[in-house]
2 protein chains.
Amino acid sequence: MRTINRLDQVLELLRRHGGRVTTTRRAVVRAILESPEHHITAIALTDQLRLTHPDLAPSTVYRTLDALCEIGVLEHTHLGHGAAVFHMTGERHAHAVCHVCGAVVQVPDHHFGELRRDLAAEFGFEIAPEHVALSGRCVRCRTTES
Amino acid sequence: MRTINRLDQVLELLRRHGGRVTTTRRAVVRAILESPEHHITAIALTDQLRLTHPDLAPSTVYRTLDALCEIGVLEHTHLGHGAAVFHMTGERHAHAVCHVCGAVVQVPDHHFGELRRDLAAEFGFEIAPEHVALSGRCVRCRTTES
DNA sequence: ATAATTGCAAAGTCTTTGCAGTTTG
DNA sequence: CAAACTGCAAAGACTTTGCAATTAT
């Protein structure tokens, strides 16, 4: 239920900003909202949507994502190598990526208290936790490797 | 003085690992060691070195950087969009990148205490501070923008 | 000598752009 | 109908790979 509402909210917002709601855009937004980890790359999104919309162009996906970012409902993060991941805004968490196996852990915002305070005090820098990409080794790789 | 020693240390290590020390490699290592912010992209490195070594190929730079990473003296970090930055290991700091103007702030390791502890406790995840790329807004852009 | 490195060119990945045709509001 | 969206193809940024010629050890 909540998902359906969210979908409509996003599309409505798009319309209000002078954008148009098309079958493709509806499908893109739905796919993002339903993506398992709540984050997905443009390429994965394209591949997935091609199953039902065979001639969807990558450029269309990128432009739709841009449009969503511009109205502020979507954000992207660069998780180390490879493609950026997109996720809806308001999900206040950072990503921690294992540089060995690529596993992604979502880190709740409240762990950033100290860092946020220190950076603001020392550098006047305001961190955006949802953009943050931490890097390190996950449990599995720590125990397996050494 | 210290820079010269460091250069020779690196080159010696390279030799010990079966690598060869060439004019090009010496120039690459020197340029990294002398790079103003202690981090530089492969492309910037190539452009800079081309001034004195006109037909240095990008691939040579990339391969040299790879070789240095493999012997453990160099690391790279993806700072959001664009090219990865390389820096010598042992510089225990993270980077905070302003997503408005691209400015980079170096964040000393000790600010990561809480985050490191929490991530280890909650997820078993071990963060590598020197790989971390924080994102947010720098002082200038905070005051200028809004 | 022989194994590593080099330059060049081609290819690969992710993303952006130009354009003519189609669709939405 | 006008403005926005679409697919396609081409280009762009960054990086990797193959190969024959060169060079360090």
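Here is how names work: the chains are called A, B, and so on, in the same order as the sequence lines, proteins then strands, and each is numbered from 1. All values derive from a computational prediction rather than experimental measurement.
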Undergrad: Can you get from B:L65 to B:I71 by hopping between Ile, Leu, Val, Met, Phe, Trp and Tyr side chains that sit under 4.5 Å apart?
TA: yes

Undergrad: Rounding to an integer number of Å, can you tell me how far B:L11 CG sits from C:dT5 C1'?
TA: 14 Å

Undergrad: Judged by modelled atom types alone, do B:H111 and A:E122 share a side-chain donor-acceptor pair under 3.5 Å?
TA: yes

Undergrad: Tell me: CZ of A:R25 to P of C:dT23, nearest whole Å?
TA: 16 Å

Undergrad: How do B:V21 and B:F86 order along DNA chain D: which one's closest nucleotide is nearer the 5' end?
TA: B:F86

Undergrad: How do B:R50 and B:G18 order along DNA chain C: which one's closest nucleotide is nearer the 5' end?
TA: B:G18

Undergrad: Any Lys/Arg nitrogen of B:E114 or B:R117 sitting under 4.0 Å from an Asp/Glu carboxylate oxygen of the other?
TA: no

Undergrad: Please check this pair: side chain of A:T46 against backbone of A:P58, looking for a donor-acceptor N/O pair closer than 3.5 Å.
TA: no

Undergrad: Using whole Å, report how far NE2 of A:H17 lies from C1' of C:dT24.
TA: 18 Å

Undergrad: Could you state the NE2-P distance from B:H53 to C:dT5, rounded to the nearest angstrom?
TA: 17 Å

Undergrad: So, does A:R63 get its side chain near the phosphate of C:dT16, meaning an N or O under 4.0 Å from OP1 or OP2?
TA: no

Undergrad: What contact category does A:T24 fall into here, base, sugar-phosphate, or nothing, at under 4.0 angstrom with non-hydrogen atoms?
TA: sugar-phosphate

Undergrad: For B:H81 and C:dT15, give me the distance from atom NE2 to atom C1', rounded to whole Å.
TA: 10 Å

Undergrad: To the nearest Å, how far apart are A:L79 CG and C:dC14 C1'?
TA: 15 Å

Undergrad: What I'd like to find out is whether the side chain of A:D118 reaches to under 4.5 Å of the side chain of A:F125, using heavy atoms alone.
TA: no

Undergrad: Does a side-chain N or O of A:Y62 approach OP1 or OP2 of C:dT16 to a distance below 4.0 Å, or not?
TA: no

Undergrad: Can you measure A:I43 atom CD1 to C:dT13 atom C1' for me and round it to whole angstrom units?
TA: 7 Å

Undergrad: Does anyone know the first and last nucleotide of DNA chain D in reach of chain B, 5' to 3', at under 4.0 angstrom to a heavy atom?
TA: D:dC14 to D:dT25

Undergrad: Sub-3.5 Å donor-acceptor pair from the side chain of B:R25 to the main-chain atoms of B:R20, do we have one?
TA: yes

Undergrad: Once you round it to whole Å, what is the distance between P of C:dT24 and CZ of A:R26?
TA: 10 Å

Undergrad: A:A84 near the nucleic acid: base, sugar-phosphate alone, or nothing, with a heavy-atom cut-off under 4.0 Å?
TA: sugar-phosphate

Undergrad: Show the atom names and distances, to 0.1 Å, of all donor-acceptor pairs under 3.5 Å that link a side chain in residues 81-88 of chain A to residues at least two apart or in another chain.
TA:
from, atom 1, to, atom 2, distance (Å)
A:H81, NE2, B:H76, NE2, 3.2
A:H87, NE2, A:T77, OG1, 3.4

Undergrad: Pick the closest DNA chain D nucleotide for A:T60 and for B:R15 by heavy atoms, then say which residue is nearer the 5' end.
TA: A:T60

